[in-house]
Amino acid sequence: MTGTEKTGTGKTGTEKTVNEGMRRPVRHGTRTGEDIWSGSWVTERLGVELAGDESLPGLLGLALRRNPKRAHLLVSNVLGKHVPQSPSVVYGHGVALGRRVRELLGDSAEDAVVLGYAETATGLGHSVADGLGVAPYLHSTRRPVTGTATAGGFEESHSHATSHLLLPEDPSLLAGDGPLVLVDDEFSTGNTVLNTVRDLHARYPRGRYVVVALVDMRSPADTGRLDEFARGIGARIDLVTTASGTVRLPDGVLEKGQELVARYEGATRGDRSSAAASGPVARFPAPPEGDARTPSPEAGARAHPPGTRDVVGSAATAAGTQPAASGPHPADGPGRATRVDLRWPDGLPDGGRHGFTPAHRARLEHALPGMAARLAEALPEDTRRVLVLGFEELMYTPLRLAGELERTVRADVRFSTTTRSPVLAVDDPGYAIRTRLVFPAHDDPADGPGERYAYNVAGGGFDAVVAVVDSAADTPALHAPDGLLARLAAHTPQVLLAVVPSYVPAPQDAPKDARPDAPERPATMLPEPLRGPAFSSYAPEEVGWLLQDLSDVTLEAPTEEREEAIQSGGAHYAESLPVEYQPSEQYQELFHAALNESAARLAHAVGVVTETVLAERSPRPVLVSLARAGTPVGILMRRWARYHHRLDLPHYAVSIVRGRGIDANALRWLAAHHDPRDVVFVDGWTGKGAITRELAQAIEEFEKTEGITGFDPEIAVLADPGSCVRTYGTREDYLIPSACLNSTVSGLISRTVLRADLVGPHDFHGAKFYRELAGADLSVAFLDAVSARFPEVTDAARAQAKELLSTDRTPTWEGWAAVERISEEYGIHDMNLVKPGVGETTRVLLRRVPWKVLARTGAGSDLAHVRLLAQQRGVPVEEVDGLPYTCVGLIHPRYTRGATGADGKAVTR
């Protein structure tokens with residue numbers, strides 16, 4: 001293993017250099033002929049030397065910069081900032097470091113948060129978070145955002161722009177006590193890390209920090225400072241790097257460096273034509289006005305030999321193998337570029353400025369192939385070499401786009417980003433920064449206007465450049481005659497512009513999880529949700545019930561009496577409750593057997609539907625299950641999100657009543673506490689789709705009467721045998737064991753109740769908590785049995801979700817059509833008396849007065865409990881060939897008093 005890791009006992013420990021025996025001087029200068037390591041130019045003129053691992057020259061080069069605090073600049077060849085590099089190389093280095101951190105932290109990696117530094121390490125930090133797999137990510141920023149509170153800040157002593165802000169959308173992101181992983185491109189003095197930890201530890205103390213960098217370049221004195229600091233705050237600080245070494249600085253290096261920079265830049269400003277006259281290096285043609293490249297006198301007549309290959313770590317990485325097609329290429333007008341619509345997913349953050357979760361990453365990865373395909377379509381057919389150019393702090397999104405483009409096209413794809421850091425450009429093979437494009441800032445920076453730079457782009461032999469910026473930077477300055485697009489157009493035949501929407505979090509004084517345009521909180525104050533153990537046998541964090549407790553009210557009646565009351569008085573079915581079915585010992589054995597047999601299949605479906613929701617509906621959805629069949633499914637989805645994405649999703653249960661719609665007060669409460677666009681309604685399964693249509697109609701009516709918009713009536717279900725929805729775990733019709741029982745598998749909660757004398761205009765719908773049935777409760781056992789199978793189905797569930805997301809899932813309403821046929825064929829003539837699917841058939845047998853059960857010929861163990869219930873109720877089971885469902889329950893159209901119509905009232909015969 002290369003790199004250094006801080007290990008030890010207790011909270012502080014001592015640092016151990018894993019590759020200590022590999023430390024030896026790294027020579028910079030000619031080894032054989034023209035084989036020159038990057039950095040030799042600086043070494044020869046300033047005496048600056050690198051010493052360390054053998055891999056160091058492949059990772060770093062040296063350059064000079066205009067900075068009063070540090071003259072030299074360590075130029076990374078694998079960071080994707082100053083040197084165009086293969087995106088797979090850039091991303092791979094970060095992911096590999098993240099995987100090492102995950103191995104180092106073990107189980108505590110589940111609670112880690114990754115923090116990257118602006119601007120250079122925003123993409124590296126994000127890649128490290130991806131390597132960890134389960135960690136949310138945040139990067140510091142130099143862009144203040146109105147309405148967003150600062151969670152911290154610190155100074156970077158040697159940087160060109162020093163002040164960092166921390167602006168997480170979720171204020172609790174940094175408040176946990178899990179490990180904090182800090183990522184920078186280099187670990188030089190340690191000052192930046194010490195400033196960060198000092199500030200954050202005072203606000204959010206924790207016991208462990210991990211520092212991650214591509215290279216550890218500290219001096220021996222600085223190495224000891226980190227240990228001393230860790231002991232002082234009583235925390236453990238680990239260090240994980242790819243390579244290590246030191247920079248040897250001679251006396252007076254700062255003054256000498258400043259003099260060199262002034263001399264070379266002065267020559268360029270004094271006579272720009274001399275830059276061209278001195279003779280271009282092959283593949284690095286002379287710069288036009290605005291291109292601040294300074295030729296080295298020694299390099300004036302020197303050219304790269306034909307056929308030079310790219311070498312990771314050398315200055316040739318920036319150049320590639322092809323010459324520029326015909327020198328500079330003027331644009332068809334100032335700053336003109338072809339704009340490509342990426343179709344960026346709605347609400348997906350453009351990066352980690354305000355936080356980026358594993359769920360965000362899942363949505364991004366789902367969208368990447370389509371976005372890369374749109375870029376590929378816009379490229380000329382004969383494109384051989386492409387640069388994807390990110391924008392200052394916006395590194396991760398362009399990096400991932402470049403990586404996907406690299407897999408999509410045959411061309412050589414490279415990645416780098418613009419920067420605000422001024423570096424001297426010298427056209428010498430032994431110098432890391434060969435060319436420099438200069439252009440004005442184009443994102444209205446808070447610190448005022450200034451120059452910005454793109455290095456090693458001019459002369460890179462690129463047939464096309466894809467500039468990726470956020471919408472805040474898509475300004476007239478970007479398109480101006482001296483703007484970035486015009487500078488790029490002078491050096492490549494094709495410039496594409498892809499704009500990513502700038503993510504703006506909700507103002508801090510807005511309701512939790514609301515976006516800036518979310519509806520205002522209604523004046524009427526509604527009660528807080530009921531939670532277990534006071535209401536239901538579920539843990540309080542699993543679900544909040546937007547219901548009122550009617551446990552002390554007698555609402556049950558025998559089935560026949562209840563149905564007769566409904567028919568004779570026109571009463572609604574939701575005004576009373578059926579007597580809770582008490583399963584026989586044989587039936588309970590069937591339940592346990594069914595659960596044992598189907599737990600993995602259920603877990604897979606839970607994973608598929610949850611991954612689909614996270615990728616397509618919202619990165620932080622608010623799960624709202626339709627009580628009560630949807631509630632166990634909602635809890636399982638919440639558990640999956642926590643297991644696989646470390647997301648604690650809000651989950652509530654609400655009432656919906658056929659013929660009367662969804663509880664409007666529950667919707668008002670949700671709109672007051674969450675953005676309606678984040679709400680995802682959840683149910684167990686679909687039959688013919690009656691509730692799906694009911695919800696759509698109810699939401700439409702609610703929006704008209706309340707003026708609150710944003711709720712999506714699309715239901716997410718575990719099983720959609722009727723093809724009624726787009727978001728589902730499976731479209732197979734099989735037994736979901738929670739359908740076998742009533743309250744004893746639903747948190748001991750009854751069906752919901754809506755009766756005028758019990759539910760007022762400002763009340764939630766009601767339900768009962770059957771505490772007396774606690775001895776027979778299987779609610780948590782059902783959830784635990786399914787959750788225990790998550791690890792074995794994770795890969796398959798994610799793969800199927802990804803496959804489903806790329807297919808046409810438009811509902812066909814096959815179930816509705818099948819029910820219409822059955823209704824006519826059996827002379828029922830009322831679709832509401834036909835209950836398709838295993839779940840709905842079970843409900844008929846448990847709660848209604850059934851007529852008969854239709855079973856698909858050859859249906860197996862999924863119907864064992866249905867056959868038992870039918871036998872107990874004296875109901876015939878008729879096998880039918882070609883039945884689209886596993887089974888269908890029929891309520892007698894003439895003899896059953898409980899037959900109810902679409903409005904929930906008795907059918908008129």
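- In this structure, Y826 and W851 have perpendicular ring planes: the angle between them is above 60°, well past the 30° mark.
- The local environment of CG in D757 is crowded, with over 12 non-hydrogen atoms from other residues, nucleotides or ligands closer than 6.0 Å.
- Between the side chains of T857 and D881, at least one donor N or O sits under 3.5 Å from an acceptor N or O.
- The backbone N or O of L845 sits less than 3.5 Å from a side-chain atom of R873, completing a donor-acceptor pair.
- No donor-acceptor pair under 3.5 Å is formed between the side chain of D777 and the backbone N or O of A774.
- Considering L854, V844, D733 as possible partners of V888, the one that fulfils the side chain to side chain contact (heavy atoms under 4.5 Å, CB included) test is L854.
- Side chains of R620 and L614 form no contact here, defined as non-hydrogen atoms less than 4.5 Å apart.
- Between the side chains of E611 and H645, a donor-acceptor pair is found at a separation under 3.5 Å.
- Using a 4.5 Å heavy-atom threshold, the side chains of K802 and E365 count as separate.
- A donor-acceptor distance shorter than 3.5 angstrom exists from the side chain of N665 to the backbone of P761, with no hydrogens or angles considered.
- Checked by atom type and distance alone, the side chain of D720 never pairs as donor or acceptor with a backbone atom of T686 at under 3.5 Å.
- The cationic atom of R693 (NZ for Lys, CZ for Arg) lies less than 6.0 Å from the six-membered ring centre of W813 and within 45° of the ring axis.
- The residues R755 and D763 are annotated as not salt-bridged, no charged nitrogen and carboxylate oxygen being separated by less than 4.0 angstrom.
- E792 and R789 are joined by a salt bridge, as a carboxylate oxygen and a charged side-chain nitrogen come within less than 4.0 angstrom of each other.
- Taking the side chain as every heavy atom from C-beta outward, Y538 and W545 approach each other to under 4.5 Å.
- Taking a 6.0 Å sphere around CD of Q697, one finds it holds 12 or fewer heavy atoms contributed by other residues, nucleotides or ligands.
- In this structure, the ring of W669 has its center less than 6.0 angstrom from the ring center of Y652.
- Residues R668 and E706 are paired through a salt bridge, judged by an N-O separation under 4.0 Å between the basic side chain and the carboxylate.
- Looking at Q871, its side chain never comes within 3.5 Å of a backbone N or O of V866 through a donor-acceptor pair.
- Under the 3.5 Å distance criterion, the side-chain polar atoms of S750 are matched with a main-chain donor or acceptor of K768.
- Of the N and O atoms on the side chains of E616 and H366, not one donor lies less than 3.5 Å from an acceptor on the other residue.
- Among H765, R660, R628, the single residue meeting the side-chain hydrogen bond (donor to acceptor under 3.5 Å, both in side chains) criterion with S655 is H765.
- The side-chain heavy atoms of I691 and I715, taken from C-beta on, include a pair separated by under 4.5 Å.
- Within the 3.5 Å criterion, the main-chain N or O of F790 finds a donor-acceptor partner in the side chain of T794.
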- Using the salt bridge (charged side-chain N to carboxylate O under 4.0 Å, His left out) rule, take R821 and E814 through it: C-alpha gap first, then chi angles, then the decisive distance, then the call. CA-CA 11 Å; R821 292 195 302 270; E814 294 175 4; over 6 Å; no
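- Salt bridge D712/R617: present, at least one basic N to carboxylate O contact under 4.0 Å.
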